[in-house]
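Read through the structure below, which is laid out as structure tokens, and then see the notes.
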Amino acid sequence: MQTVKLFEGHSHEWIAFARDPEKPEKIIDTNQYMIKSEREAILLDPGGIELFASMLASVVHYLPVEQITHLFASHQDPDIISSLGLWDKTLPNATLHAPWLWEGFLRHYGCDHIIYDAIPDEGSTLKFDNVEIQFIPAHYMHASGNFSVYDPVAKILFSGDVGAGLNAPDDPMFVEDFNAHIPKIKKFHQRWMPSERAKEMWIKRVRRLDVEMLCPQHGSIYRGDDVGRFLDWLESIEVGSGLRL
Amino acid sequence: MAADIELRTTFFITAVAVAAKLSLVLKEAKNISLEAMNAKALVARAGENVRTFKPITDYMVELANDTIHLVEDINREALMISRSSLTALRGKDAVYHFNRAKEKSKDALYRESYEEAAKLAERDLREFQEKLHKNTQRLHTLLEEIETRMLAANVVTSTSRLEAATVSTIYRANFEAIVAKFEHAAKNIRTIVKDCRKVLNKR
């Protein structure tokens, strides 16, 4: 699995894990992220059950597992968090932060020890060590209970499925040519995102943030001006294509 | 060991299949119960002439009720097996994923940090398998009990035939028909239980 350090600051760092070469072919490729401080860490959308071994093997290059004190699930999909039952065995003292809406659903994956911290619809803030991150509402983008994660110090937005693309396994970790990237993300957004209103609300929220890097759960990461380009592009397309069949 | 785990952990399908087969036993046991009731009514009507048949009909009722209760016990046990084998399957899956992580993290600095979790997963798996083994043994015992009762049914059938031959000709045909149905039901139960045990032994 490829790992890339996205940010390194005084208090914490961001690491991306992606492009697992041993991933079963028909499973969609996913990006996992870890925010690591001196003593603690949070895994953002830790991934599906098939990815657990690779993820566990990757994170122990950076820290002992007991330092992972938090998990975050942007929504309930299996590629996001079907590994929960295994993390539950690995990190029995951790806390999972996830939309309140999905608690009863996510527990189906197995959550006997991990504490479920239900994020309210309006979002919330999480502080650990000297790090503070914000859970930003992204409801209906695409799931009905959905959050993005914003780190104001690193100026990174973990956007979940927003910005995601159906990329090839050997695609670059970062968007290199936005126009060439559009075909990889167009269908994904038009079909997976159901609501124009939700899209507009999310864009409005994100435009208020200072974002230098927009990190989706699939595909390539947007940096610098490509963040703005992506928001403009998203604003311009019509989503909910499944309703027009 | 791997094959052993495989056999035990796919048991949830076998247990459900056994439970499904046993619904036929329940049907036959209810038939026995019905025939026993018919016999009782006939004994009451025939009076002194067939009083020797009374203990036989009482035993038929007892046998039917015992069988019905045993099938209920087996169904409960099969459900427990189904659950415990699924738990074992999950446990096996966890061990598999931890082992894969071990292979992949050979050169990782903190690879020892999840060793405890991996060991716990292995211990859990052993416990799940032991529980499953106990449940399976109990299922075998219950099936054996039904078989034993059906052997007793053979004896009852022979005795009933002898008694039926001695009753008045007015009632003889009726009694013989009841005995034949009883025998048929007991035979069916034996066949089904044998099938169930075969399925269990295959696993």
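Letters go in sequence order (proteins before strands), and every chain restarts at 1. The figures that follow rest on heavy atoms only: side chains count, while hydrogens, waters and symmetry mates do not.
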Residue pair L70(B) / I146(B): nearest heavy atoms and the distance that separates them:
CD1-CG1, 3.6 Å
Does R190(B) reach the side chain of N154(B), with side-chain heavy atoms less than 4.5 Å apart?
yes
Taking C-beta and beyond as the side chain, do F72(A) and F135(A) meet within less than 4.5 Å on heavy atoms?
yes
If you check both backbone and side chains, which donor-acceptor pairs between chain B and chain A fall under 3.5 Å?
from: K104(B); atom 1: NZ; to: E22(A); atom 2: OE1; distance (Å): 2.7
from: K104(B); atom 1: NZ; to: S54(A); atom 2: OG; distance (Å): 2.8
from: Y110(B); atom 1: N; to: V60(A); atom 2: O; distance (Å): 2.9
from: S113(B); atom 1: OG; to: V65(A); atom 2: N; distance (Å): 3.0

Yes or no on salt bridge (Lys or Arg N to Asp or Glu O under 4.0 Å) for K194(B) and E147(B), after CA distance, side-chain angles and deciding distance?
CA-CA 8 Å; K194(B) 264 186 189 161; E147(B) 274 197 306; 5.3 Å; no
Check this for me: does any side-chain nitrogen of one of E144(B) and R197(B) sit under 4.0 Å from a carboxylate oxygen of the other?
yes
Checking L91(A) against chain B: side chain, backbone, both or neither under 4.5 Å from a heavy atom?
neither
Here the gap from L132(B) atom CG to L125(B) atom CG, rounded to the nearest 0.5 Å, amounts to 10.5 Å
